[in-house]
Structure formats: C-alpha cells, structure tokens
Amino acid sequence: MDAISKASKSATLTIGNESWDLPVMAGTIGPDVIDIGKLYGQTGMFTYDPGFTSTASCESQITYIDGDAGVLLYRGYPIEQLAENGDFLETCYLLLYGELPTAAQKADFDFRVTRHTMVHEQMSRFFHGFRRDAHPMAVMVASVGALSAFYHDSTDISDPQQRMIASIRMIAKMPTLAAMAYKYTIGQPFVYPQNDLDYASNFLRMCFSVPCETYKANPVLARAIDRIFTLHADHEQNASTSTVRLAGSSGANPFACIAAGIACLWGPAHGGANEAALKMLGEIGSVDRIPEFIKRAKDKNDPFRLMGFGHRVYKNYDPRAKIMQKTCHEVLGELGIKDDPLLDIAVELERIALQDEYFVDRKLYPNIDFYSGITLRALGFPTSMFTVLFAVARTVGWIGQWKEMIEDPGQRIGRPRQLYTGATERDYVPIARRK
Ligand code: ACO
C-alpha cells in the first residue's frame, strides 16, 4: 500500500504503572488511527470493540465516507457528481482501476463486460434444482458460489490476469443471474442477455421481456436503474464488504467470497432494509397511523424500528438518500403514478421523524433504503428482488475491495480475538454420572 499512512505521531497507553507508545497513522482525509497491531505482544491484552464501531480493519484507497457531514466519495469523486453525470460501468471502472476512464478505456471496458454477460448453459440446470418459491437471494447465494465450479480458469487468485477476468465476469454475470433468479420464481423462461444494449437496459430486458413480445426498455427507467446501481456500488467497510474481505483473506476464490458477501447482505439490518422499509410502509397503511408507529419506534420495550432510518456511519442525511428520493419522483412521474399512497406515507413519515426529538437527538435520518423500495416497486420488481438488485450493484465494490486486499503485500488472514467469558477448565464427566 501507499506510504501515505506512515506513523506521524504516537498515542500513549497507560495501564497501572506501565506505559506504551502506539503509532498513530494518518490517512489522506478522515480520522487518524492508532496502530494496535503489536499491542498483544507488548501488553498481553486485546482491545474490545464488538461491532467494530471504533476499529479500522484495513487501509483502503477506494471509498471515503464522512458520516457526520453526509459525504460519500468514490476514489475522491462525490457520489452526487457520479450519479448525475456518469453511468454505472464508468463507476465500476473507477472503483476497479482508481481513475475515471478515457473514452477509449470506457469503450473497451464496456465491451469486455458485455462479452461476459452470458452464463455457462449448465447453470440453467443448476437453477432448476430450486423450488419455485425459493427466495431469489437464496438462489443468488448458491448460484454465485457455484460460479467457482464453472470458471476454473479465473480462480487462481495469485494471477493478476485471472483476478481481473474474475472481476469482469462477476460484474457482467450478476445481472444475468439476478434476472434468472427472478424469472425462475415467476415461472417464465430465462431471457439471454442482448449485448447491443447498455448494462441497465439489458438487465430490465432480461427481467421483464418474454419471448412472445418485443420489448424496449424505457430509457428513463433504465437511467433510474443505472443510477440506483451507481448509488449502491460501494460503501467502504460495511458488513458485507468486510465479510468478502475476511473470506478472501484465507485465499478463497473470488466467486466464493462474493457469495459470502451476498449472504451477509441479505440481513434486514443491511441490504434487506429496503424490503423491510417497504413492508413497514404497507403495514402503516395510511398517513393517520404514522404517530402510532413513531411511538412504537421510540418505545424501548418494543423491538419495532423505523426501517430505512438510521445508519451506523451517517449521522446526517445519507447523500444517496437525496438522489434516491429524486430518482423515485422521476420514476413515478415517468410511469404516470400520480398518487402512490406509500409515497405519501414515506414523505409524511420523513417530515415527522426529522422534527421529532427522539430521531433528532440520535441523528436518525432516512437512509438510501427509505426511498429505494418505492422506486423499485414502481419499476415492477417484487420486494423479494430488492436485495438482489443491491447485490448486483455492490458486486463491483466487493470485488474492488477484494482485489485491493489481495494486492496488498501486507495482507494477512483476518482473525479477530475475543473476550472469553465461558467456563474455565473442568474435567469431563462420564454420561452415567451427570446429573
Ligand atoms: N428506529 C428507531 N430507533 C432507532 C433506529 C430506527 N430505525 N435506528 C437506531 N435507533 C435508535 C436505537 O434504539 C438507539 O437508541 P438508544 O441510544 O436510545 O438505545 C440509537 O438509535 C442508536 O442505535 P444503534 O442500534 O446503536 O445504531 P447502530 O449504528 O448499531 O445501527 C442500524 C444502525 C442497524 C442501521 C439501525 O439504525 C437500524 O436498525 N435501522 C433500521 C434498519 C435499516 O434501515 N438498515 C439499513 C442500513 S443502510 C444499508 O445497509 C444500506
């Protein structure tokens, strides 16, 4: 990695009568970090940080978030500028290579991604082993993991060429697999990719066309999907990305690592939140019931939380949520949906929550998932597909972070330690003598 993070000052740790100097490393922006890599060797102690709220797990040059200011940068570029001016594949190139592409580089990258969109024909047989009512995320975890059984020529992680081919394959094939997962659950035939279409239009076509009718993707809706992909492309060391890095740190192949990331993303506290947010809006049902739900969200004895609100990192308005809100209005406008009761509830809920002392004090703002569910539903996706779309978009972030880790000469297997509070050593008791 770059020499940027050389120790510039030190911190002193004092325990009882003893003190240790710990190096402090500085990044290009953001908080400094205390290097505790040698702490155990020096003190015989570990640090304790469940949920990693104060722990930097790695050095990275890909994505920067300032959660207090509501800033998200990919390779230094603000998310607003990328979402407004570029397209998703340009963002993929930026995340993977570190710079925006020239026109020639962009054309070459688009060509390479496009030429990898088909999946091995045998994969369709694999799909047919699932129940039709399987959750598409279950199908994605399995089918992406299964790619390692199909593409042996790109699983040697020590070969930079193979690493790049695996990365391109993953970005290219995820929409195809996602569309197949959707088609399978609704009992329609799989639609092959069409390589003269852009990434988003191709995805919409694979999801929504049928062999008996011609299909033309609506450019406004394709642009919206493309922007949703850009907004979700990376988010530094979130739970699923950390999962991918941890899985990859053992030397596992990239397809297996991304499958692990998809499994992590599935949870409602992470990628499942947009599905949960939409379900919650449906459960609220009407604007006049909002106060009842706000009251429940504030009640410590009630496990209910306002889904789509709050974020581990953003203690300000999630910058992606603003673009998502705008995209939501554009999609509904294009589709001529004048009155969407769920949108009315969302707008009012946001208005009330942003004024409510409980939410203001805890800095709980709408996150990206708050408006993405309404948008995706209007685009025609069932709620079970929402997290799948997130996985399609986040694949480039996962693979970019995985590559960065593999290419870091200082990379070691990830192995956290623990504070053990279980039984101390005791002798085995034969079953006949146990009470
Ligand atoms: N509704 C009501 N109260 C909330 C909410 C919420 N959505 N989120 C946090 N709080 C409260 C907590 O009860 C806690 O209150 P307390 O200090 O009085 O005990 C306080 O705010 C801090 O909450 P934590 O759980 O400690 O915050 P954490 O950073 O661990 O959690 C998380 C972040 C998981 C996103 C949380 O805000 C949440 O569950 N939100 C709803 C789910 C959601 O929208 N997830 C999407 C995340 S974005 C993404 O993955 C793309």
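Quick caveat, the model's predicted, so the values are computed rather than measured. Atoms within each ligand, like the ligands themselves, are counted from 1 in listed order. Numbering starts at 1 and runs along the sequence shown.
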Any N or O of [X] that comes nearer than 3.5 Å to an N or O of ligand 1?
| X | result |
| --- | --- |
| Phe309 | yes |
| Arg320 | no |
| Ala273 | no |

Measuring from non-hydrogen atoms of [X] to any atom of ligand 1, is the shortest distance under 4.0 Å?
| X | value |
| --- | --- |
| Tyr358 | yes |
| His232 | no |
| Phe304 | no |

Testing Glu84, His232, Glu330 for side-chain hydrogen bond (donor to acceptor under 3.5 Å, both in side chains) with Arg227, which one passes?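 Running side-chain hydrogen bond (donor to acceptor under 3.5 Å, both in side chains) over Glu84, His232, Glu330 with Arg227 returns exactly one hit, Glu330.
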
Nearest to [atom], what protein heavy atom do you find, and at what distance?
| atom | answer |
| --- | --- |
| atom 35 (C) of ligand 1 | Gly310 O, 3.7 Å |
| atom 36 (C) of ligand 1 | Arg305 NH1, 3.3 Å |
| atom 1 (N) of ligand 1 | Leu306 N, 3.0 Å |
| atom 48 (S) of ligand 1 | His311 CD2, 3.4 Å |
| atom 42 (C) of ligand 1 | Met307 CE, 3.4 Å |

For a quick test of reading the model, state the closest non-hydrogen atom pair linking Ala200 to Ile225 and the distance between them.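 Nearest heavy atoms, Ala200 then Ile225: CB-CG2, 3.9 Å.
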
Does the gap between the ring centers of His270 and His235 come in under 6.0 Å?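 Aromatic pair excluded; centres sit 6.0 Å or further apart.
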
Does any donor atom in the side chain of Thr12 or Trp20 lie under 3.5 Å from an acceptor atom in the other side chain?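 No - no donor-acceptor pair under 3.5 Å links their side chains.
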
[X] neighbourhood, listing ligand 1 atoms whose heavy-atom distance to it stays under 4.0 Å:
| X | answer |
| --- | --- |
| Gly308 | 43 (C), 44 (O) |
| Asp369 | 46 (C), 48 (S), 49 (C), 51 (C) |
| Lys300 | 13 (O), 15 (O), 16 (P), 18 (O), 19 (O) |
| Arg312 | 28 (P), 29 (O), 30 (O), 33 (C) |

Can you check whether His329 reaches Leu343 side chain to side chain, under 4.5 Å on heavy atoms?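 The answer is yes, as the side chains (C-beta and beyond) meet within the 4.5 Å cut-off.
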
Sub-4.0 Å protein heavy atom near atom 22 (C) of ligand 1: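 It does not; no protein heavy atom is within 4.0 Å.
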
Using protein heavy atoms only, decide if any is under 4.0 Å from atom 26 (O) of ligand 1.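 There is no protein heavy atom less than 4.0 Å from atom 26 (O) of ligand 1.
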
Considering Leu364, Val313, Ile368, Thr387, which one's heavy-atom position lies nearest to atom 9 (C) of ligand 1?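 The residue whose heavy atom sits nearest atom 9 (C) of ligand 1 is Leu364.
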
Check Arg362 against ligand 1 and report side chain, backbone, both or neither, counting heavy atoms closer than 4.0 Å.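 For Arg362, the contact with ligand 1 is made by the side chain alone.
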
At under 4.0 Å between heavy atoms, is it the side chain or the backbone of Phe390 that contacts ligand 1, or both, or neither?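 Answer for Phe390: side chain.
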
Strictly below 4.0 Å, N to O, side chains only: are [X] and [Y] in salt-bridge contact?
| X | Y | value |
| --- | --- | --- |
| Arg223 | Asp87 | no |
| Lys322 | Glu80 | no |
| Glu292 | Lys295 | no |
| Asp299 | Arg296 | no |

Stepwise side-chain hydrogen bond (donor to acceptor under 3.5 Å, both in side chains) check, Arg205 with Gln194: CA-CA 8 Å; Arg205 184 180 162 276; Gln194 190 177 307; 3.1 Å; yes

Just list the side-chain donor-acceptor pairs under 3.5 Å for residues 35-47, sequence neighbours left out, or say none.
residue: Asp35; atom: OD1; partner: Gly37; partner atom: N; Å: 2.9
residue: Thr43; atom: OG1; partner: Leu39; partner atom: O; Å: 2.8
residue: Thr43; atom: OG1; partner: Met45; partner atom: N; Å: 3.0

Phe370 pairs by ring pair (Phe, Tyr, Trp, His ring centres under 6.0 Å) with which of Tyr365, Phe309, Tyr317, Tyr314?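 Of Tyr365, Phe309, Tyr317, Tyr314, ring pair (Phe, Tyr, Trp, His ring centres under 6.0 Å) with Phe370 is met by Phe309 alone.
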
